[in-house]
Amino acid sequence: MIEIKVPELAESITEGTIAEWIVKTGDAIEKGETIAELETDKVNVEIKSDFSGVIQELLAEPGDNVVVGQVIAKLGEEGANAASEAAPKEEAPKTEEAPKAEPAKETAPTEAPAAEEKKASKSRTVASPAARKKARELGIDLDEVSFRDPMGRVRVEDVEAHSLSKNTPKAAEKPAATPSKPAAAAPAQEDGRVERIKMSRRRQTIAKRLVEAQHTAAMLTTFNEVDMTAVMDVRNRRKDAFLKKNGVKLGFMSFFTKAVIGALKSFPLLNAEIQGDEILLKKFYDIGVAVSTDEGLVVPVVRDADKLSFAGIEKEIGDLGKKARDNSLGLKDLQGGTFTITNGGIFGSLYSTPILNTPQVGILGMHTIQRRPVVVDSNDTVEVRPMMYIALSYDHRIVDGKDAVQFLVRVKQLLEDPEDLLLEG
C-alpha cells in the first residue's frame, strides 16, 4: 500500500485545507495526475501523485486542515485491486442458498459499474480552482456547465452564467406551480436575514497578518500630494508609440515603481527589515504590488525592478495581475518583497493609511487623481491641476519621521519631474 502525503509547500507554509478531491475511492490514476486541490495561506496548490495505481482510501474530507507530511490518501496497485474485487465472486458458490438469491444479486453489479463510470467521467471536468470553489458555493455540478475556453477549461464566469440561467427559470416557475406558498415564504425570509459564511484560509491569513502588523510594528503614516501634470503629459504624448513598440500600455505604476526605487536608494532603511536585534539592509529592489482579487488581497512581487525598463515593469505587473485574477499565482510570485505599493485610487479612494506588509517596514499608498485648484508659482498663480495624495506607512522602530517625510518628498520630486526620474532610473 502506497501512502500519499502532503508535499513540501514553501519555507513559510506548513499546513493547508483540502479544498476538493479530484478523485474518489476506486479511481485508477497515473503518476503525475492531480488528485486534490489544497488551499494554503497564499495560493491554491494542486497535489499530484508520485505513483500510478488505484485509490484505496481518502483520509481527509474537503474542509479538513492538513499539515506537510500528513498521509491524506492510500494507493494500491491496479492488479491488487482487481484481485480483491474478484475474490467475493469465487466464494459465492460455497453457500447452498446462494442460487436462490443470485437472480436478485446479479442486477446490482450490472448497474453499479455503470453508475461508477458515470461518476468518474464527471470528476474529470477541467476547471480552474476558483471555478470549482464557486461551483461548490452555488451547489452546481461542473459537468453541466458550458464553457467558452477553447482549451475546454471551466472558469468562474462560466459557473456564474450557468447559475444565472439555472435560477432564473426557477424563480418564474415557483408562483405558477405553488400559488399558496407566498404566505409560508415570509418566515423563511426573516430566518434568512443572517448568513454564516466560513472564512477561507486566505482571508483568515490576511486578517491575522494585518492585526499582527499593527501589534508588532510601531506603525505611523505620513502624507504628501503630487502634481501629476508632467507624468500625464508624458503618457499622453508617448502612449501610442510605447504600445506599438512594447505591446503593453504605459501606465502609472511604472512611474511610481521607478520613483520608489530612486527614493529607496536615498533612504535605504525603508528597504530593510528587523530580525531580532539586527537590521537587515536589502541591497536589491523586489517591489510588491498589491492586487485585489475575489479571493482576497495578494501582493505579487516584481523581481529586481531596478533593472527593468518602464516596459519591463508594465509587462511584469500586467502578467502578475492576470495570474492573480486567474488564481494561478505560484508561491515564488508572492515571496520576498522588500517594499510594497498599493493603489486604492483604482477604486476611487482619495485618502487612506495603508497597513504594512510585514516584515517590510514601508508601504506607499497611491490614490485617485482629482483635479483641484493649486498655487503653481511664486506669483500666487492658481491653476486647476490633476493632483494625487500619496501616503507612506512606515515602521517607526527603525525609520525616523525625518527620513520618512524626506522619502515621500523625494517620490514627489521624481514624479513631478520625469526627466529627473529617467536619470535616476
Colleague: Could you check whether Glu314 and Ser254, counting side-chain N and O atoms only, form a donor-acceptor pair closer than 3.5 Å?
Modeller: yes

Colleague: Looking only at heavy atoms, which two atoms of Lys315 and Asn246 are closest? And how far apart?
Modeller: CE-O, 3.0 Å

Colleague: Would you mind reporting whether Thr368 and Met388 have side-chain heavy atoms less than 4.5 Å apart?
Modeller: no

Colleague: Test your reading of the model: is there a side-chain donor-acceptor pair from Asp395 to the backbone of Arg397, 3.5 Å cut-off?
Modeller: yes

Colleague: Between Lys48 and Glu46, does any NZ, NE, NH1 or NH2 come within less than 4.0 Å of an OD or OE carboxylate oxygen?
Modeller: yes

Colleague: Would you please test Val298 and Leu329 for side-chain contact (heavy atoms from CB on, under 4.5 Å) and show each step?
Modeller: CA-CA 9 Å; Val298 291; Leu329 285 170; 3.9 Å; yes

Colleague: Any donor and acceptor pair, going by atom type alone, linking the side chain of Gln360 with main-chain N or O of Gly337 inside 3.5 Å?
Modeller: yes

Colleague: Do Leu320 and Val289 come close enough that some side-chain heavy atom pair is under 4.5 Å?
Modeller: no

Colleague: Is the shortest heavy-atom distance from the side chain of Ile279 to the side chain of Ile398 under 4.5 Å?
Modeller: yes

Colleague: Roughly how far apart are Arg303 CZ and Lys332 NZ, rounded to 0.5 Å?
Modeller: 9.5 Å

Colleague: Do Trp21 side-chain atoms and Glu37 backbone N/O form a donor-acceptor pair below 3.5 Å?
Modeller: no

Colleague: Which atom names give the shortest non-hydrogen contact between Ala230 and Pro418, and what distance separates them?
Modeller: CB-CD, 3.5 Å

Colleague: Before you tell me yes or no, could you show the steps for Tyr394 and Phe339 under ring-ring contact (aromatic ring centres under 6.0 Å, His included), namely the whole-Å CA-CA distance, both residues' side-chain angles and the distance that decides it to 0.1 Å?
Modeller: CA-CA 10 Å; Tyr394 59 98; Phe339 187 93; over 10 Å; no

Colleague: At their closest point, which heavy atom of Val411 faces which heavy atom of Ala263, and how far apart are they?
Modeller: CG2-CB, 3.7 Å

Colleague: I'd like to check Val301 versus Asp333 (side-chain heavy atoms, cut-off strictly below 4.5 Å). Are they in contact?
Modeller: no

Colleague: Between Asp326 and Lys323, does any NZ, NE, NH1 or NH2 come within less than 4.0 Å of an OD or OE carboxylate oxygen?
Modeller: no

Colleague: Which heavy atom of Thr257 sits nearest to which heavy atom of Ala305, and what is that distance?
Modeller: CG2-CB, 4.0 Å

Colleague: Is the backbone of Met232 close enough, under 3.5 Å, to the side chain of Asn236 for a donor and an acceptor to pair up by distance?
Modeller: yes

Colleague: Is the NZ or CZ atom of Arg235 both under 6.0 Å from the centre of the six-membered ring of Phe252 and within 45° of that ring's axis?
Modeller: yes

Colleague: Can you tell me how far CD1 of Ile35 sits from CG of Leu38, rounded to the nearest 0.5 angstrom?
Modeller: 10.5 Å

Colleague: Before accepting this row, confirm whether a basic side-chain N of the pair Asp233/Arg237 lies closer than 4.0 Å to the acidic partner's carboxylate O.
Modeller: yes

Colleague: Which heavy atom of Phe347 sits nearest to which heavy atom of Ser292, and what is that distance?
Modeller: CZ-CB, 3.8 Å

Colleague: Which distance, rounded to the nearest 0.5 Å, do you find between the CZ of Phe284 and the CD1 of Ile287?
Modeller: 10.0 Å

Colleague: Can you sort out the partners of Lys239 under salt bridge (Lys or Arg N to Asp or Glu O under 4.0 Å), two or more places apart, ordered by chain and number?
Modeller: none

Colleague: Give a yes or no answer on whether the side chain of Asp403 reaches the backbone of Asp400 with a donor-acceptor pair at less than 3.5 Å.
Modeller: no

Colleague: Does a salt bridge link Lys244 with Asp240, judged by any charged N lying under 4.0 Å from a carboxylate O?
Modeller: no

Colleague: Lys282: what forms a salt bridge (Lys or Arg N to Asp or Glu O under 4.0 Å) with it, not counting sequence neighbours?
Modeller: Glu273

Colleague: Apply side-chain contact (heavy atoms from CB on, under 4.5 Å) to residues Thr25 and Gln56 and explain how you reach the verdict.
Modeller: CA-CA 6 Å; Thr25 302; Gln56 299 293 326; 5.9 Å; no

Colleague: Pick one: which of Asp306, Leu414, Leu308 meets side chain to side chain contact (heavy atoms under 4.5 Å, CB included) with Ile261?
Modeller: Asp306

Colleague: If we only count heavy atoms from C-beta on, is the Leu408 to Leu364 side-chain gap below 4.5 Å?
Modeller: yes

Colleague: Just how far is it from atom CG of Leu270 to atom CZ of Arg410, taken to the nearest 0.5 Å?
Modeller: 14.5 Å

Colleague: State, to 0.1 Å, how close Pro354 and Thr342 come at their nearest heavy-atom pair, and which atoms those are.
Modeller: CB-CG2, 3.9 Å

Colleague: List the steps, then state whether side-chain contact (heavy atoms from CB on, under 4.5 Å) holds for Val299 with Val291.
Modeller: CA-CA 6 Å; Val299 187; Val291 179; over 6 Å; no

Colleague: Output, in order, the C-alpha distance, side-chain angles, deciding distance and verdict of side-chain contact (heavy atoms from CB on, under 4.5 Å) for Leu415 and Phe256.
Modeller: CA-CA 7 Å; Leu415 290 168; Phe256 274 85; 3.4 Å; yes

Colleague: Keeping Gln70 on the side-chain end and Val67 on the backbone end, is there a donor-acceptor pair under 3.5 Å?
Modeller: yes

Colleague: Hey, what do you get for CG (Asp27) to CG (Leu58), rounding to the nearest 0.5 Å?
Modeller: 8.5 Å

Colleague: Where the side chain of Ser52 meets the backbone of Lys31, is there a donor-acceptor pair that is under 3.5 Å apart?
Modeller: yes

Colleague: Between the main-chain N or O of Tyr389 and the side-chain N or O of His367, is there a donor-acceptor pair closer than 3.5 Å?
Modeller: yes

Colleague: Does any pair with a residue in residues 212-222 pass side chain to side chain donor-acceptor pair (under 3.5 Å), and if so which ones, sequence neighbours excluded?
Modeller: Thr221-Ser393

Colleague: Is there a side-chain contact between Ile355 and Ile363 in this structure, where contact means two heavy atoms from C-beta onward sitting under 4.5 Å apart?
Modeller: no

Colleague: If you draw a 6.0 Å radius around CZ in Arg238, do more than 12 non-hydrogen atoms from other residues or ligands fall strictly inside?
Modeller: no

Colleague: Heavy-atom distance under 4.5 Å between the side chains of Asn271 and Leu281, does that happen here?
Modeller: no

Colleague: Evaluate the criterion ring-ring contact (aromatic ring centres under 6.0 Å, His included) for residue pair Phe242 and Phe310; output intermediate values, then yes/no.
Modeller: CA-CA 10 Å; Phe242 188 90; Phe310 276 69; 7.6 Å; no

Colleague: Rounded to the nearest 0.5 Å, what separates atom CZ in Phe51 from atom CD in Glu30?
Modeller: 14.0 Å

Colleague: Apply side-chain hydrogen bond (donor to acceptor under 3.5 Å, both in side chains) to Ser49 and Glu33, showing your working.
Modeller: CA-CA 6 Å; Ser49 174; Glu33 186 174 344; over 6 Å; no

Colleague: Counting C-beta onward and ignoring hydrogens, is there a side-chain heavy-atom pair between Arg209 and Thr358 closer than 4.5 Å?
Modeller: yes

Colleague: Under a 3.5 Å threshold, yes or no: a donor from one side chain and an acceptor from the other, between Thr338 and Asp286?
Modeller: no

